[in-house]
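Here's the structure, in structure tokens; my notes come after.
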Amino acid sequence: MSFSVGFDFLMKHLFLHGFSALLHLLLLLFLLVLRIVNRVKEASGGEGSKEMLRPRKVLCYIVWDQNGWSGDKLVTFSDYVVKTLAWDIYLYKTHNVSFPKQYIVSNVFCVIAGLFLCIMGFLGRYEDEDTFLEEPLLNGDSGISNYDVELTRKKGSDIVTPYSNAGIFSILTFSWMGPLIAAGNKKTLDLEDVPQLDSSDSVVGAFPKFRNRLEGSTGVSTLKLVKALFLSAWKEVVLTALFASIYAVATYVGPYLIDTFVQYLNGQREFKSEGYLLVTAFFVGKLVECLSQRRWYFKLQQIGLRLRAVLVAMIYNKALALSCHSKQRQTSGEIINVMTVDAERVGGFIWYVHQPWLIVLQVALALLILYKNLGLAAIAAFVLTLVVMLANIPLKRMLEKFQGKLMELKDKRMKATSEILRNMRILKLQGWEMRFLSKIMGLRNAEEGWLRRFVSTNAVASFIFLVAPSFVSLATFGACILLGVPLESGKILSALATFRVLQEPIYTLPATISMIAQTKVSLDRIASFLQLDELQLDVIEKLQRGSSDKAIEIVNGNFSWDSSSNSTSTTPTLNLEDINLEVPHGLRVAVCGTVGSGKSSLLSCILGEIPKISGTLKLCGSKAYVAQSPWIQSGKIQENILFGKEMDRERYERVLEACTLNKDLQILPFGDQTVIGERGINLSGGQKQRIQIARALYQDADIYLFDDPFSAVDAHTGSHLFKEVILGILSSKTVIYVTHQVEFLPAADLILVMKGGRIIQAGKYNDILNSGTNFMELVGAHEKALSALSKTSSSDSEGDDAAECANGKVQKVENQGCENDKEDDTRPKGQLVQEEEREKGKVGYSVYWKYITTAYGGVLVPLILLAQILFQVFQIGSNYWMAWASPVSADVKPPVGSFTLIIVYSALAIASAFSILARAMLLNTVGYKTATLFFKKMHLCIFRAPMSFFDSTPSGRILNRASTDQSAVDLSIPYQVGAFAFSIIRLLGVIAVMSQVAWQIFIIFVPVIAACIWYQQYYISCARELARLIGVCKAPVIQNFTETLLGATTIRSFDQESRFQETNMKLNDAYSRPKFHVAEGVIDPAIAGLAVTYGLNLNTLQAAVVWIICNMENKIISVERMIQYSNIPNEPALVIETNRPSSSWPSQGQVDILDLKVRYAPHMPLVLRGLTCTFPGGLKTGIVGRTGCGKTTLIQTIFRIVEPAAGQIIIDGINISSIGLHDLRSRLSIIPQDPTMFEGTIRSNLDPLEEYTDEQIWEALDKCQLGDEVRKKKGKLDSTVSENGDNWSMGERQLVCLGRVLLKKSKILVLDEATASVDTATDNLIQTTLKQHFFDCTVLTIAHRITSVLDSDMVLLLSHGLIEEYDSPTRLLENKSSSFAQLVAEYTMRSNSSLEKPIG
């Protein structure tokens, strides 16, 4: 039974016909070999005229649209085709009937065309092995019409591309693209109009197979990566190899038959219909060449898209799993470069995958034709061609070396750019942006040095290979004269046509070698990235929920961030030592200690982020993590809180209430649907932290890890959060929280005191209070801070007089504020982050003009065109000379002697060589200079852009232009624009020649050109918008990647890796969709030029011109996008020479604020709604208020990061809006809310402008309590700082920021929650330091710790962008009903209760 079931298919009609076709194909191949061995002699074709109709009849049948055929019929038909062909040839052989070779060529190409159409019908449909001969063929036309109908009913993005159901006619003519192209003509295309990819082309479908192939082998080497990529697409690669072979053979039909054609025109006609047969052969050759090339190109584009997508997915997944040590080796900028440039390049290499062997095939065919025409002289052509090809070896090595250096330096530049964009706010606050711009320019200058070498070497390669055909032909004709081979015009024209076709493989050789070199470098870089260490999977032993009574258990744990942790030869530096910890389910654990004691490292170790050296770590249950530095995704607030979970409205509302987010959502223009900017740019620090906490709460995990989340919120909010979150919603959960606030410690069931990476004390508050000095120091510092409360309330403040002058204004401002509030409600409100702008319609001529005139005002462009014109004239002249000076046949006397013939030809060849050298060098110079100028202008505009630009523009958009678009301008666009001009000149040259020979050709040529232009205009509107969509869709991929790298720890802690991987795949498919539908294979004007088949390849040139125009317009969009960012409105002037403040300004430091109104963007609501007050010079003013009330906005307005919508700020009598930004910002100092360190050294972080001596830097470090810590490090002031300062704790980073202001010594100092990330003892030290060194300065302090503002001379309390209270702390505290008094009372009560709890 099993046998019959397994083999019954053998008797099926379908199999029998398929097997029959295969046997006949083998017979055909056998006869073909026999034919080559025994060449048929020429004879009259009388007998064969009747038989020759058979294959042509077959062709007639085949060209019918086979869309309605079943697979059965198609296989049967293929059987008949092969039978007809095989038995015809067999009959010719066995009956000794011979035919002229022209007829044989014509007949063979008729059959090849038929076979090609059969292959298209068969393979074009069954692209997927799973559906091979299992489904009937679908009707292609009906598929298209259905799509057309569906497009009117629903968006294109709701349906799969019609290509997946297209029939043979649709595949051949690309008519499946018709509806999309038609839609592009009617409207501006959006992503929603572009259909989805077929599952086989989607990364979702292709990636699992690729990953399995790659991960099946141990380790990832470049060879294994190449193997996995090849196996992912080997069927399509083989299919495209078949198309490429057919194309290569078809290109030589014309050159092969030209000699016969010339003899025919000379009257030597071998049989009656020879002319018609020759024309038919030309026509069929061109038809096959055209169709095979289109399919070849399209399939390659399809493969390239898929391979790029799977590589990006692989890189993304790897980045999500990288260990901390690997991240230090490969920074986010470098990883982004690997994804954006290297993966793209590997996908682009697929265009060149067949070139190495195809070039050999084309050269072999050319030499065969030359041998037929010129005999042994072809050896000279072979030798010289071989020499030219051997010249590739040194060129390849040089190009590979230059490309490697170029990419290495580009990595450094992109890494620095990424870091600068992330921290642009601090750069502008400090007035450092131009210094960091010069750093980027320095990196680019080094990159440009290698770019210059690369493009110069490319220019030399182009020169060698463009002049090669001329010198090959010169050597060949010279050899003919030496060997006595007669040079007849027919043979010469055939040879010249062959050299012209041979020019293509020789011309593509340098590009192929260059691409191989570039791709090799990219593959090495991708493979080395995939080899990086991932997080240890065995760090945590995960237990099933309920299987243990302990939530967390660490036994003899030793952990180290050190890179040598995996090495047995060295002892790693332990960051956590001898950790023993047992946490039962439902226990509340507090972790405290001084700055740098290892608190955050302890949480990281529980998350499995730190490599384990020894010991065991067990975890029972799911976990959620709240980082010290908030990580917020761009997107809606609701999406950030749900974080992939389904909406449970009741739970959601409870979480919002617990995190006090309801009031904030009421203020925000779109509530929880408000789109958050990159890194939460349009939220305050407190709002970001509370959204983070809400995200963790909504996950309903078993174990919660909080890394000091209450430091970023004000005292009232912090108290509420602790009560509602830690003691409320999470009362039954296991919670470990790090905190610097002593008042939150007594509520813990277990307190861990850390020092130097060890747990030095553990127990309940009562137990450890008196058992050691370390905990007493923390509590003592807290009590000392609280003692300031009594002093403040019992003594008069120095600022009382100042309060008198400011107090009267408050009531008036409040009234104004109410009016403004009503006004503001009527204004339109909009999201901060808008969709990326893209140009619409045709690429303006101004873009092309801007590009070609940027370098040297466009002076060199006419010289480049002149050089190309001269090259074309000399090329045509040399061909014309050879045709004119050679006799038509051996019995005709030549007009000139052989010596004269070669000398003139040599002179013309040398002249054309110099012309092409001049062209190559000039084009190289112009392209390089243009790329340099574009880079400088765009980066200057970006760095001088206002902060609002960075707030509303995700960095991915900027990085996309600095990386992908800049690469296109560097290496691609000069040659695209040049190719357009050169192809036009070549086309005009060919037309000029043809007008002299056969003017009648214009009867066909003019309508064909008109058809080509119409086709180009019809197609380009769709292609242009698709190309723009490609640019727009790439930014979200980069953006998502950048965010993932920053939030990898949070993503992993929530076990959300798979969801983020899926998001990345969807974004990748969205990027691939427009790219698939703008595929180069779709541009198919060559069909329109098929009528023109003269041997000078006019139709190919026409096709090339239209193709180049379309391709150039798609590529020039990179220039358009760079110009877009080169015209960003600048901030006001950095320095206004006519109005510069004196060197001593500000001498008093008095700040007057008059009716100040501020909004972040014209479409956004007012944040500050009419403030009027005075900050007296030399006094300390504390600014307090609920999170989101406008404290940070006020500070930003003083620094002119945000320009006032109305009102003024006057410092010491000077309106700050009237002076230059650098004059203002360089005279003010700030310690920002988010402590920022840049990659480099301690010295470069403290003094990036290099203005201070080492002694001054050490003094500043000692003052900010970091001196001893830095002296311990090996490099001292040159100790390395990794990206984002990740190798320094948050508290240490804050102290570095303090060191910066101590060096600067400005009269006005702003502290924006400067001590939020340090413990109370360090906070007291900072406050003491500030009192000592800024006692005579104006200090504006935003603080959430009430103790930080209690000793201020004045307190400003803001509420919803209005001044609620402004007076001395004493007076505000005397009024028990004041908001400030209530805030202090609440803080005191909470703190006292926490201190009294152990006693009670």
Side-chain angles (χ1 to χ4, degrees), residues 255 366 370 380-381 384-385 387-389 391 458-481 487 489 492-511 860-886 896 899-926 975 978-994 996 1095-1098 1100-1101 1104-1105:
L370 289 172
L384 207 58
T385 303
V387 169
V388 169
M389 290 186 166
N458 243 349
V460 171
S462 297
F463 161 69
I464 290 170
F465 297 114
L466 276 171
V467 300
S470 296
F471 286 101
V472 169
S473 58
L474 177 62
T476 307
F477 294 145
C480 284
I481 290 169
L487 288 175
S489 57
I492 282 179
L493 285 172
S494 178
L496 288 174
T498 304
F499 291 135
R500 195 177 306 109
V501 179
L502 185 63
Q503 189 170 5
E504 183 193 342
I506 294 178
Y507 179 71
T508 56
L509 199 55
L860 296 182
V861 174
L863 296 178
I864 295 171
L865 295 175
L866 177 63
Q868 175 64 23
I869 290 167
L870 288 173
F871 172 68
Q872 197 65 35
V873 167
F874 291 134
Q875 284 277 295
I876 292 170
S878 61
N879 293 347
Y880 190 81
W881 168 257
M882 291 302 289
W884 174 81
S886 304
V896 296
F899 182 73
T900 308
L901 180 78
I902 288 299
I903 288 295
V904 172
Y905 189 74
S906 303
L908 291 168
I910 291 166
S912 68
F914 277 111
S915 300
I916 208 68
L917 179 63
R919 189 202 88 178
M921 298 312 293
L922 287 169
L923 182 64
N924 169 42
T925 304
V926 169
Y975 307 107
F980 163 69
F982 307 152
S983 62
I984 292 287
I985 291 168
R986 282 180 66 196
L987 182 63
L988 292 173
V990 171
I991 292 168
V993 170
M994 293 189 70
Q996 297 297 311
L1096 290 171
N1097 285 336
L1098 178 61
T1100 307
L1101 275 175
V1105 169

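Computation of the quantities below employed the complete heavy-atom set of this structure, encompassing side-chain atoms and omitting hydrogens, waters and symmetry-equivalent molecules. Just so you know, these numbers come straight off a predicted model, no measurement behind them.
- Considering CG of Leu901 and OG of Ser906, their distance stands at 9.0 Å, rounded to 0.5 Å.
- Annotation for Ala913 and Val467: closest pair CA-CG1, 3.4 Å, computed over non-hydrogen atoms.
- Annotation for Leu384 and Ala475: closest pair CD2-CB, 3.7 Å, computed over non-hydrogen atoms.
- Listed by chain and residue number, nothing satisfies the side chain to side chain donor-acceptor pair (under 3.5 Å) test with Thr476 (two or more places apart in sequence, or in another chain).
- Under the side-chain contact (heavy atoms from CB on, under 4.5 Å) criterion, Ala867 pairs with Ala918, Arg919, sequence neighbours left out.
- In this structure, OG on Ser912 lies 11.5 Å from CD1 on Ile876, to the nearest 0.5 angstrom.
- Every residue two or more places apart in sequence or in another chain was checked for a ring pair (Phe, Tyr, Trp, His ring centres under 6.0 Å) with Tyr975, and none qualifies.
- Annotation for Phe914: atom CZ does not count as buried by contact number, only 12 or fewer foreign heavy atoms lying within 6.0 Å.
- Counting heavy atoms from C-beta on, the side chains of Leu908 and Tyr905 never come closer than 4.5 Å.
- To the nearest 0.5 Å, atom CG of residue Leu865 and atom CD1 of residue Ile984 are 11.0 Å apart.
- For the atom pair Gln872 CD and Ile985 CD1, the distance stands at 7.5 Å (nearest 0.5 Å).
- When side chains are defined from C-beta on, Asn924 does not count as touching Phe463, because their heavy atoms never get closer than 4.5 Å.
- The distance from atom CD of Gln875 to atom CD1 of Ile916, rounded to the nearest 0.5 Å, is 8.0 Å.
- One finds the CZ atom of Phe471 at 11.5 Å from the CD1 atom of Ile464 (value rounded to the nearest 0.5 Å).
- Taking each heavy atom of Ile902 and Ile481 in turn, the nearest pair found is CG1-CD1, 2.9 Å.
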